[in-house]
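Read through the structure below, which is laid out as structure tokens, and then see the notes.
The chains referred to below are lettered A, B, ... by the order of the sequence lines, with proteins before strands, and numbering in each begins at 1.
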There are 2 protein chains.
Amino acid sequence: MKSMTSTSEKILDIAQSLIVAGGYNGFSYADISAAIGIRKASIHHHFPTKAELVSVLVDRYRQQTEAGLKSLREGISSPAGQLAAYVTYWNSCIRDASLPFCVCAMLASEMQMLPEQVASQVRGHFHSLAGWLTSVLQAGAEDGQFRLEKQPDEEAQMLMASVHGAMLSARALGDPGLFISIVALQIARLQADD
Amino acid sequence: MKSMTSTSEKILDIAQSLIVAGGYNGFSYADISAAIGIRKASIHHHFPTKAELVSVLVDRYRQQTEAGLKSLREGISSPAGQLAAYVTYWNSCIRDASLPFCVCAMLASEMQMLPEQVASQVRGHFHSLAGWLTSVLQAGAEDGQFRLEKQPDEEAQMLMASVHGAMLSARALGDPGLFISIVALQIARLQADD
DNA sequence: GATTGTCTCCCTACTAGTAGGTAGATAAAT
DNA sequence: ATTTATCTACCTACTAGTAGGGAGACAATC
């Protein structure tokens, strides 16, 4: 039985890891070509332009993310547990370096230079992640697990910023453990004091 | 009296704004050339290689930052005021788009692809900014202005991550006001409850 | 006071290599 | 027989970087 990863998926996988490492301008078709042993022209067959390649890639990333977040909400009953699973996911990714940075966070930093089709998807990701966090926080506040000082959407924006900022600090200082140490502290503040 | 901005400073100014917009791989000597009306080769006269140009640029940025932070500590007596001035500075930069992102935060996201001389300076910036925040928080805790839940250095890491994450969210969502709305909330938590 | 050398700054013109992208042939699969 | 996937070969534009020269400023020398 063959590994059922199609060429186009392999291309997207490599491109994603290259983007996470160096952003939109930090990779080329030649890099992908070298990484999977295929000619540049063959990549153009699957993805005519770079903007389209990245657009499809971000679309796939968003779908995976939405599916993952949805399954967290369905598979874990308590909001606190859902939140914990979310940050544990990222902590694992950063520790084993499999996906040590959010694709959309990376692209967001280059927002001003992105093709519009990509930029709008990045905006969309930020909106939907903020939405997910808002609803988790709200649910947690309603059943008394969380003690929110502000509106759920404001707290969600704060939490999302902390997660992205913690990823950046971990990367800048070369210390994977810094991510969870920052984010865990932020989440502890949400827990009802006891 | 002429404007005493030397050519090399003009080069650094333009390069800085280009890096803030698109990162290390997001600009070229040709871009700078076009922006200040000088030939590419002349830029190489001032800065032989791109790595050296960016290295000098980050060095200058760090010196300016350290001087700015030092003058905040000397010019404002209360730690709470120092912190407020720091975030107000960034809020202004983001609102008027003069420096809508921290140079080192931008470069940190591309850490893995940076020349080592630049990468180590970026690490240095994160360390010294964290150090400044730590000492401000510590001073504020000692005179009762802040109520810290954790060690000052841990709180400082959290605050720094929030600032960078807030910059990213403001950029991703195209909403400059988001920066201060996130960061102000974070700082409010440090103030002693009353 | 004119000449000489040196230095800074910028220029034109160039290099080797890489960027994203295209044309057209080939071969396999449906 | 058409579609799909890959190839070789190529294109144009741009990348960082180099070679070498010219114009002016500033001394030191004659």
Side-chain angles (χ1 to χ4, degrees), chain A residues 1-60 106-107 110 112-119, chain B residues 1-19 21-58 60 106-107 110 112-119:
Chain A
M1 187 154 183
K2 290 186 172 184
S3 71
M4 254 308 287
T5 34
S6 68
T7 301
S8 59
E9 294 225 348
K10 272 190 246 172
I11 294 171
L12 292 176
D13 289 343
I14 293 291
Q16 179 165 304
S17 71
L18 291 171
I19 285 179
V20 165
Y24 188 89
N25 291 312
F27 80 101
S28 71
Y29 273 45
D31 294 330
I32 301 172
S33 163
I36 63 177
I38 200 181
R39 299 291 144 177
K40 273 193 327 169
S42 307
I43 303 172
H44 281 287
H45 166 73
H46 294 278
F47 305 100
T49 69
K50 192 179 185 183
E52 196 169 310
L53 162 55
V54 176
S55 181
V56 171
L57 184 156
V58 176
D59 194 59
R60 186 185 72 151
M106 191 71 203
L107 292 173
E110 303 176 284
Q112 303 179 359
M113 315 203 105
L114 294 180
E116 176 50 35
Q117 51 182 329
V118 177
Chain B
M1 185 153 186
K2 290 185 171 182
S3 71
M4 255 307 288
T5 32
S6 69
T7 302
S8 58
E9 294 226 346
K10 271 189 248 174
I11 293 170
L12 292 176
D13 290 343
I14 294 291
Q16 179 165 305
S17 71
L18 290 172
I19 286 179
Y24 188 89
N25 291 312
F27 80 101
S28 72
Y29 273 45
D31 294 331
I32 301 172
S33 165
I36 64 176
I38 201 182
R39 298 292 141 176
K40 271 192 335 169
S42 307
I43 303 173
H44 280 286
H45 166 71
H46 294 278
F47 305 100
T49 68
K50 191 179 185 181
E52 197 168 310
L53 163 57
V54 175
S55 181
V56 171
L57 184 155
V58 176
R60 186 185 72 150
M106 192 71 204
L107 292 173
E110 303 176 286
Q112 303 179 356
M113 313 205 106
L114 294 181
E116 176 49 35
Q117 49 181 331
V118 176

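- You'll find the side chain of B:V54 reaches within 4.5 Å of the side chain of B:L107, heavy atoms only.
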Show me the donor-acceptor pairs, under 3.5 Å and distance only, between side chains in residues 12-26 of chain A and residues at least two apart or in other chains.
residue: A:D13; atom: OD1; partner: A:R60; partner atom: NH1; Å: 2.9
residue: A:D13; atom: OD1; partner: A:R60; partner atom: NH2; Å: 3.0
residue: A:S17; atom: OG; partner: A:I14; partner atom: O; Å: 2.9
residue: A:Y24; atom: OH; partner: A:A51; partner atom: N; Å: 3.4

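- How far OH of A:Y29 is from CG of A:L53: 5.0 Å, rounded to the nearest 0.5 Å.
- With rounding to the nearest 0.5 angstrom, the CG atom of B:D31 is 11.0 Å from the NZ atom of B:K40.
- For the atom pair CD1 (B:I38) and NE2 (B:H46), the distance works out to 5.0 Å, reported to the nearest 0.5 Å.
- B:E52 CD to B:K50 NZ: the interatomic distance, rounded to the nearest 0.5 Å, is 14.5 Å.
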Expected string for nucleotides 8-25 of chain C under the B/S/- scheme (protein heavy atoms, under 4.0 Å, primed atoms plus P, OP1, OP2 as sugar-phosphate) is -BBBB------SBBBB--

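- Nearest approach of A:S33 to A:I43, heavy atoms of both residues: N-CD1, 3.5 Å.
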Mind listing the N/O atom pairs, protein and nucleotides 22-24 of chain D, below 3.5 Å?
none

